[in-house]
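Right, one structure below, let's go through it.
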2 protein chains.
Amino acid sequence: MSAPKLADIAKRAGVSIAAVSIALNNRDTKRVSAAKREEIQRIAAEMSYAPNELAKALAERRTRLLGLMVPLRDPIFFNHFVAQALSGIQSTLMRRGYNLLVYSPSGRPGRTTRDQILESKFTDGLIFINTRSCLPRDIAQTIQELDAAQIKFSMINSYYGRTPANYVGVDDAAIGEAAVRYLAEQKHRRIAFLSSSEKLPTHVHLLQGLRHGMAAHGLELPADRIGCTDYVESQAFAILDRWFENKRQRPTAIFCADDQLLMFFYDYIEARGMRIPDDVAVLGRGNAGLMSLLRPRPTAFYIPTFEMGALAAEMLIDSIEKPTETRQRILLPFKFEPGQTA
Amino acid sequence: MSAPKLADIAKRAGVSIAAVSIALNNRDTKRVSAAKREEIQRIAAEMSYAPNELAKALAERRTRLLGLMVPLRDPIFFNHFVAQALSGIQSTLMRRGYNLLVYSPSGRPGRTTRDQILESKFTDGLIFINTRSCLPRDIAQTIQELDAAQIKFSMINSYYGRTPANYVGVDDAAIGEAAVRYLAEQKHRRIAFLSSSEKLPTHVHLLQGLRHGMAAHGLELPADRIGCTDYVESQAFAILDRWFENKRQRPTAIFCADDQLLMFFYDYIEARGMRIPDDVAVLGRGNAGLMSLLRPRPTAFYIPTFEMGALAAEMLIDSIEKPTETRQRILLPFKFEPGQTA
DNA sequence: CTGAAAGCGCTAACAT
DNA sequence: ATGTTAGCGCTTTCAG
């Protein structure tokens, strides 16, 4: 026996299909008498009726499904970022009655926006998680194509282009500034910046904040104290060796742009037999869950990943349900937590 | 202008809707002439046609969507487990052309199987991730209800009941045995087991393996060297204090049942000013990604979370596509990686 | 207040 | 080889 449908209930109750649909869905309408409604509900429960969401969605022209697009390619750090964001997204969806479709991330770089559009035919809207490796230009193009296809979407992290879009990020410039302020207050004057790659938005914004902060404190950030590692550990080691070779000129504090770089730094310190914070202070930035495992406990700025996910979902649903809603670009404040490293 | 549909293409091409459907879907059939097919494909591309997956699914009676049920989340450890399993699942789905619907985990414990069944109306099958906190009895009931509703499913981790079901776990008894073997070879004779809670399947199986291994090596595991923490750090500390109070009788090696317990142990060692492995050796079990962040690097058994996800998805899809397939219960082998702690 | 009928966009069995 | 037709299960006018 296959799943019971409206018609089955209608037959048993001796009413029309429409009557059943109305009785079951509109909790308070006078379209159907109280007696009939109860009868219908009883029968439905008895047959353990569950609506076919597919048919429902087809008729209603909406699925209450959101799609999540994740360019999955980075190691654990990113995994964890996604997991956190996912929790946040889910917390919103739960409250607002949506579910999440996580699209299989295609390893192949050929994954075009067109594919995404195709896939989105199942959903009411799309959430994008932009990783540190997403370039502004690519994102801008994606936005254009989505708009052309009239697909609703919102983005998490790292988008700073000019095209208007719903997105939520973190205020990296503010983090950079706060980092300098904190270190300057501890009398650090030679501060270095261990980062990812020159072109990445995060790098750019942190740097901007750092420079601003340096200026405010009468300090400066010479080019040779900015290290771009491209996330290659050996490259990070080379940069650090350069910084530390001269006892007199070595930086007294390092600011690491994200958790992976912080890990590199911990590894380096261990490899060279140094100690944090005795030999050098370090300030981190990244994901709370992961960094809390490190010892000594990092003094760090935490990215509110969960909240970013929750907010991105909220924005998207708003724009779906009230199409007039104008697009918002939100930068969430960071959290700071003192540890043992600076 | 709303999205183009088959009818639009049909009109433009001067053929029937069915013809378009066939031309677009069945890459190699003689149902339609080569010329017409090309013409149709050209027009479709031109209008950037994308099929309405909903309608398609309704007609085909299948969505190529799998649902993921995740019980409410524990802290980071679990987050990461889920993220890993998710990656594995996705790798299979990608290859086999499915997508994943991640159901919002309901915080409320009242989330019944019935709810899940309701939600599953969107999917072809369900994957369950059973956490360490899932009791065998509850799982068994879930299985029964799913069967009654004729819903296909597979489970990841921690199910060891008698009801037949597709599931993939890890061979904890083998891990327990291997743990003893490894430690015994290092001449450890007083080995203690820091664990979760007596009732949990993982605990039971690890213990079974440990006892077996102990016997084989002429050792024993007295009850007072089995510590159940219920994942409460203070409880863990109390147990450890008891173990370590007597210098003569203290265990020389500890086996931790999972990563969270290992973290407790590291915290304890730090708090009491001891050193690993000088004061005590420790052997872990858990998630590769997370534990690799710890220093000293743990010597540990790693659970193949990614593979478990991939396999669970594979099994589920098989059972969907070939309904004759009999149910399988697979225990994956663990991975062992030596570190600096034992 | 209730039921009949017309879709939603697509597939597949059935004619031609 | 191609076109026609009847659903898939539900919602929603629109008559009665």
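What you see is a predicted model; the values in this text were computed from it and never measured. Throughout, a chain's letter reflects where its sequence line sits, starting with A, and its residues are numbered from 1.
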Review point. Does a side-chain heavy-atom distance below 4.5 Å link B:L66 with B:L68?
Key: no
Point to revise | Side chain of A:N52 - closest among D:dC10, D:dG7, C:dG3 | key: D:dC10
Review point. Any side-chain N or O of B:S21 under 4.0 Å from OP1/OP2 of C:dT11?
Key: yes
Point to revise | Distance test, side-chain N/O of A:Y49 to OP1/OP2 of D:dG9, below 4.0 Å | key: no
Review point. Taking only side-chain nitrogens and oxygens of A:K36, does any of them come within less than 4.0 Å of OP1 or OP2 of C:dT2?
Key: yes
Check your understanding: Considering only C:dC10, D:dC8, C:dA4, which nucleotide approaches the side chain of B:R61 most closely?
Key -> D:dC8
Point to revise | Which nucleotide in D:dT11, C:dA12, C:dC10 has an atom nearest any side-chain atom of B:A18 | key: C:dA12
Check your understanding: Can you check whether A:K5 has a side-chain N or O nearer than 4.0 Å to OP1 or OP2 of D:dG9?
Key -> yes
Check your understanding: For the atom pair CG (A:L126) and CE (A:M69), what is the distance rounded to the nearest 0.5 Å?
Key -> 4.0 Å
Review point. If you check the A:I22 side chain, which of D:dC10, C:dT2, D:dT12 turns out closest?
Key: D:dT12
Check your understanding: Can you say whether the rings of B:H80 and A:H80 are parallel (under 30°), tilted (30 to 60°) or perpendicular (over 60°)?
Key -> parallel
Review point. Taking atom P of D:dT12 as reference, at what distance in whole Å does atom CG of A:L6 sit?
Key: 12 Å
**Study point:** Selected nucleotide, minimal atom distance to A:A19 side chain, candidates C:dG3, D:dT11, D:dG9
**Key:** C:dG3
Review point. Can you find a side chain N or O atom of A:N25 that sits less than 4.0 Å from OP1 or OP2 on D:dT11?
Key: yes
